[in-house]
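The analysis underlying the following values was restricted to heavy atoms, covering all of them including side chains, and did not include hydrogens, waters or symmetry mates.
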Amino acid sequence: MSETRTEPQDGGWSFCIHCGDKIAFRANFCPHCGSPQPETGNAQAENVSDKSYGVAVALCGVFGVMGLHHFYLGNILHGLFDLGLFALWIFCLLVAPAQGTNLVLIGLLLLAIDVLHTIYVFFRLIVGKQRDGSGRIVAVP
């Protein structure tokens, strides 16, 4: 016997973001894998940040290691962390030649951590998963 499905009454079909199975457009969870689905309609529009997506991406791409994008988005503690990593890296870069110690290696490690973190946040911004200080998603409205 073949399984038959009837069309949903309220809006057609969609696909699960996790497994790709065909589900009702307004389904909150996939009946196949149980994965939660993104919100649709006005609830999703209310969850979008009023901060400019383009400005956030540009700040992250140009000044990402300094954390300016976090300050713009209202994530102040996150911005202070990034700025602290950047300041420590600069300090190690300037002090290391005079001291003749392993501060160069520590500075490079701090820079690597900061760059990897910036790449991660940049990726989250591009795919629309990064949130602002109010918990709203930074995306193209």
Completion exercise
Heavy-atom nearest pair, Arg131 first then Ile137, reads NH1-CG1, 3.5 Å
Exercise for the section: Work out which heavy atom in Leu110 is nearest to a heavy atom in Cys92; give both atom names and the distance. Expected result: CD1-SG, 4.5 Å
Handout entry: Whether His78 and His117 hold their rings parallel, tilted or perpendicular, with breakpoints at 30° and 60°
Key = tilted
Problem - Phe86 side, atom CZ; Phe63 side, atom CZ - distance, nearest 0.5 Å - result: 10.0 Å
Exercise for the section: Determine, using the 4.5 Å side-chain heavy-atom cutoff (strictly less than), whether Leu59 and Val62 are members of one ILVMFWY cluster. Expected result: yes
Exercise for the section: Establish whether Leu105 and Ile90 are linked, either directly or via other cluster members, by ILVMFWY side-chain heavy-atom contacts under 4.5 Å. Expected result: no
Problem - Ala56 versus Val138, closest heavy-atom pair with distance - result: CB-CG1, 4.2 Å
Problem - Sub-4.5 Å side-chain heavy-atom contact between Met66 and Asp82 - result: no
Handout entry: Pairwise distance CG(Leu93) to CG(Leu111) - rounded to 0.5 angstrom
Key = 9.0 Å
Exercise for the section: Please lay out, stage by stage, how Val104 and Leu108 fare under the test side-chain contact (heavy atoms from CB on, under 4.5 Å). Expected result: CA-CA 6 Å; Val104 172; Leu108 289 176; 4.2 Å; yes
Exercise for the section: State whether the number of non-hydrogen atoms from other residues, nucleotides or ligands found under 6.0 Å of Phe81 atom CZ is greater than 12. Expected result: no
Exercise for the section: Flag yes if more than 12 heavy atoms outside Leu116 fall under 6.0 Å of its CG atom; otherwise flag no. Expected result: yes
Exercise for the section: Would you confirm whether Arg124, through its side chain, and Lys129, through its main-chain N or O, come within 3.5 Å as a donor-acceptor pair? Expected result: yes
Exercise for the section: Please name the pair of heavy atoms, one in Val65 and one in Asp114, separated by the smallest distance, quoted to 0.1 Å. Expected result: O-OD2, 2.5 Å
Handout entry: Nearest non-hydrogen partners of Thr118 and Gly64, listed with the distance
Key = OG1-O, 3.2 Å
Exercise for the section: Output, in order, the C-alpha distance, side-chain angles, deciding distance and verdict of side-chain contact (heavy atoms from CB on, under 4.5 Å) for Phe123 and Ile119. Expected result: CA-CA 6 Å; Phe123 176 77; Ile119 291 170; 5.5 Å; no
Exercise for the section: Assess whether side-chain contact (heavy atoms from CB on, under 4.5 Å) is satisfied between Ser49 and Ser134, documenting all intermediate values. Expected result: CA-CA 8 Å; Ser49 175; Ser134 301; over 6 Å; no
Problem - Interatomic spacing from CG in Leu88 to CG in Leu109 - rounded to 0.5 Å - result: 11.0 Å
Practice task
Using the rule that two of Ile, Leu, Val, Met, Phe, Trp, Tyr join whenever any of their side-chain heavy atoms come within less than 4.5 Å, decide whether Ile126 and Val115 are in one cluster.
Solution key: yes
Exercise for the section: Evaluate the side-chain contact (heavy atoms from CB on, under 4.5 Å) criterion for residues Ile106 and Trp89: first the C-alpha distance (whole Å), next the side-chain angles of each, then the deciding distance (0.1 Å), finally the verdict. Expected result: CA-CA 8 Å; Ile106 294 171; Trp89 172 68; over 6 Å; no
Handout entry: Taking every non-hydrogen atom, the tightest pair across Leu73 and Asp132
Key = O-CB, 3.3 Å
Problem - Single-linkage hydrophobic cluster Val57~Val140, side-chain heavy atoms < 4.5 angstrom - result: yes
Completion exercise
CG (Leu125) and NE2 (His69) are apart, to the nearest 0.5 Å, by 7.0 Å
Practice task
Could you tell me whether a side-chain N or O of Tyr72 sits under 3.5 Å from a main-chain N or O of Gly67, the two making a donor and an acceptor?
Solution key: no
